[in-house]
Number of protein chains: 2
Amino acid sequence: MGGVQPAESRTSVVGRLLVLLERAASRGCRLVVFPELTLTTFFPRYWLPRLDDADGFYEREMPSPETAPLFDRARELGVGFVLGYAEMTPAGRRFNTVIAVDTDGSIAGYYRKVHLPGHVEERQLAHQHLEKYYFEVGEEGFPVVELAGLKVGLATCNDRRWAETYRVLALQGADLVAIGYNTPVGGVPGMAPEPHRMMEEHLLSVRAGAYQNSLWVLAAGKSGFEDGQRLIGGSCVVTPGGDVVSVAAGDGDELVVGTYDPRVAEPYRAELFNFALHRRPEHYGLIVERTGHGEPVVETLAGRS
Amino acid sequence: MGGVQPAESRTSVVGRLLVLLERAASRGCRLVVFPELTLTTFFPRYWLPRLDDADGFYEREMPSPETAPLFDRARELGVGFVLGYAEMTPAGRRFNTVIAVDTDGSIAGYYRKVHLPGHVEERQLAHQHLEKYYFEVGEEGFPVVELAGLKVGLATCNDRRWAETYRVLALQGADLVAIGYNTPVGGVPGMAPEPHRMMEEHLLSVRAGAYQNSLWVLAAGKSGFEDGQRLIGGSCVVTPGGDVVSVAAGDGDELVVGTYDPRVAEPYRAELFNFALHRRPEHYGLIVERTGHGEPVVETLAGRS
């Protein structure tokens with residue numbers, strides 16, 4: 001998707017999503033993945049000292065009067081979809097959330113983002129990344145839902161850089177992972193990467209996640225400019241072999257289409273990445289026992305006879 | 001390294017390693033990584049119904065009379081090294097092992113391979129992959145040792161395709177990971193990949209492991225032909241940004257040199273991949289609780305009010 005400007009209304013954005021949805025249906029698509037925080041501009045770039053001043057960016061119900069046309073049309077067309085948005089719960093809790101809607105219009109599930117990047121406090125940067133200020137960490141973890149007859153793992157944006165995301169989804173039988181995102185060209189605070197790096201690191205992340213877990217990845221990002229900030233785009237379809245088979249060509253609203261074929265995953269799952277045969281969880285303990293870096297604990301056997 | 005033929009002696013192989021070691025020292029290198037199962041041909045391609053008939057491929061001591069010249073010369077030159085070989089313990093146990101020797105000649109540690117690929121039984125294939133027959137799974141896990149003043153994580157070959165390998169090493173503070181390997185062009189049993197795929201998947205694996213863990217990877221493989229089987233080569237130095245900065249150009253014995261610079265990792269570790277800030281182990285439990293694929297267990301929140 002092209003950028004969503006701060007002044008753009010929900011109704012306008014939903015109109016753009018409907019155009020993409022119709023185009024997808026006409027191409028025979030049965031599942032559409034929309035980006036992260038699709039319905040508004042990527043507001044975590046703004047520092048608002050009073051959190052309540054951001055309330056207008058959150059959805060209190062889904063579907064809402066403004067988003068209902070998307071849900072209705074998807075059901076009529078028999079297309080399932082995944083949509084990211086900022087969620088405000090009835091209790092006033094804030095999450096970076098994804099909703100998954102099946103081809104019959106039923107809600108298959110929700111996901112609340114686990115890996116919130118950036119920072120909590122203002123940093124006086126031209127472009128901030130305040131997701132840790134605007135959202136709580138999701139408490140449920142990474143779900144797998146049934147969409148269009150496939151087992152679809154849900155994750156969003158920064159989750160795609162963490163290998164644990166894909167592994168936890170694959171271990172629950174995911175056939176593919178749907179990932180919406182917003183990634184600024186400037187990188188996260190503390191980095192001033194060459195512009196091409198952000199695309200390279202995005203593609204490396206989704207390709208490795210797909211390959212190492214024998215699953216498809218559908219990655220959908222915003223591109224173009226949002227309020228003067230350049231987003232990387234790079235929406236793509238990745239195979240279980242780690243190949244990018246379709247990728248966005250432009251920086252506006254665009255449909256990127258791939259054909260799901262379960263046979264691509266089969267030889268990998270049967271042999272090279274046959275988890276039941278090859279994984280060794282007895283040696284993975286630190287992954288759950290530690291959060292940050294620590295001292296070596298594994299025996300080196302040095303000094304043995 | 002180029003291939004090692006079945007008839008080649010330990011003494012001949014060690015002579016080749018000495019040439020590479022001298023060349024490395026003359027280039028100012030302080031750490032050299034040699035391949036997996038460096039001292040012999042990759043014998044797990046052969047089916048030997050009597051396991052004892054393979055005994056000649058294993059080392060019973062390290063250093064041995066044939067390998068001592070490498071240890072001696074490395075100490076004189078002040079170069080540390082990592083060397084893969086087949087280990088036979090005094091109790092007759094068999095492991096695919098790596099020894100790490102520091103610049104002063106002291107043994108810093110050993111690693112016994114965790115992710116053994118392939119199969120246990122004969123399959124009547126032109127090229128088999130019988131590591132599960134010839135080796136036991138290492139019991140210690142992935143160690144981090146001190147070499148040339150750096151914290152070096154040890155892993156080997158197929159370990160590089162498993163994201164857990166790098167993560168467990170990074171959580172123990174590894175600055176770089178040394179990985180020897182042997183990868184045939186033909187892939188593992190059950191696959192007939194296009195020849196280029198094996199290189200692509202190798203590079204994807206080591207690049208993602210480096211990037212997602214903000215560490216350097218030194219990957220050293222055999223190339224050329226071994227007993228008629230083509231190996232992929234692709235020895236390389238990978239930065240914590242996931243960039244391949246040096247790579248083997250040929251298919252024979254060759255020195256691939258990189259310059260370790262801790263600054264490359266620093267911005268990643270400070271922000272994007274600051275484990276202490278961003279990792280969420282409470283959502284990674286399945287990684288250690290499950291080995292193979294299973295049913296979804298994470299709550300989807302569908303049906304909530």
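A note on names: the letters A, B, ... follow the listed sequences, proteins ahead of strands, and every chain is numbered from 1.
- Interface remark: of the candidates Gly285(A), Ala100(A), Ser205(A), Gly209(A), Ser205(A) forms the most heavy-atom pairs closer than 4.5 Å to chain B.
- Val152(A) has its side chain out of reach of Trp216(A): every pair of non-hydrogen atoms, C-beta onward, lies at least 4.5 Å apart.
- Proximity to chain B is absent for every atom of Glu289(A), based on heavy atoms less than 4.5 angstrom apart.
- Using a 4.5 Å cut-off between heavy atoms, Ala270(B) does not touch chain A at all.
- Side-chain N/O atoms of Tyr284(A) and Arg167(B) include no donor and acceptor closer than 3.5 Å.
- Interface check for chain A: of the options Asn158(B), Asp243(B), Asn213(B), Leu277(B), the most heavy-atom pairs under 4.5 Å are formed by Asp243(B).
- For the set Val145(B), Val297(B), Leu154(B), the entry with the most heavy-atom pairs within less than 4.5 Å of chain A is Val297(B).
- The shortest non-hydrogen separation linking Thr291(A) to Phe275(B) is O-CB, 3.3 Å.
- Comparing Glu139(B), Glu295(B), Arg197(B) by how many heavy-atom pairs each has under 4.5 Å with chain A, the most go to Arg197(B).
- Note on Arg290(A), Lys151(A), Glu61(A): by heavy-atom pairs under 4.5 Å with chain B, the leading option is Arg290(A).
- Here Glu164(B) does not pair with Arg280(A) in a salt bridge; the nearest charged N to carboxylate O distance is not below 4.0 Å.
- Contact of the Tyr166(A) side chain with the Ile179(A) side chain is registered, since non-hydrogen atoms from C-beta on lie closer than 4.5 Å.
- Counting only heavy atoms from C-beta outward, the side chains of His283(A) and Trp162(B) never approach each other to under 4.5 Å.
- Of the listed residues Leu169(A), Leu171(A), Val144(A), the one with more heavy-atom pairs under 4.5 angstrom with chain B than any other is Leu171(A).
- For Leu116(B), the part sitting under 4.5 Å from any heavy atom of chain A is the backbone (N, CA, C, O) and nothing else.
- More than 12 heavy atoms of other residues, nucleotides or ligands shown are found within 6.0 angstrom of CD on Glu121(B).
- Note: Ile287(A) leads Ile287(A), Val168(A), Leu286(A), Ile107(A) in heavy-atom pairs under 4.5 Å with chain B.
- Cation-pi geometry between Arg112(B) and Phe135(B) is not satisfied (NZ or CZ under 6.0 Å from the ring centre, within 45° of the ring normal).
- No other option in Glu299(B), Gln212(B), Glu266(B) has as many heavy-atom pairs under 4.5 Å with chain A as Gln212(B).
- Per-residue heavy-atom pair counts under 4.5 Å with chain B were compared for Lys132(A), Glu282(A), Glu140(A), His115(A), and the maximum is reached by Glu140(A).
- Considering all non-hydrogen atoms of both residues, Val217(A) and Ala210(A) come closest at CG2-CB, 3.8 Å.
- With chain B as partner, the option from Ser106(A), Gly242(A), Gly141(A), Gly138(A) having the largest number of non-hydrogen pairs under 4.5 angstrom is Gly141(A).
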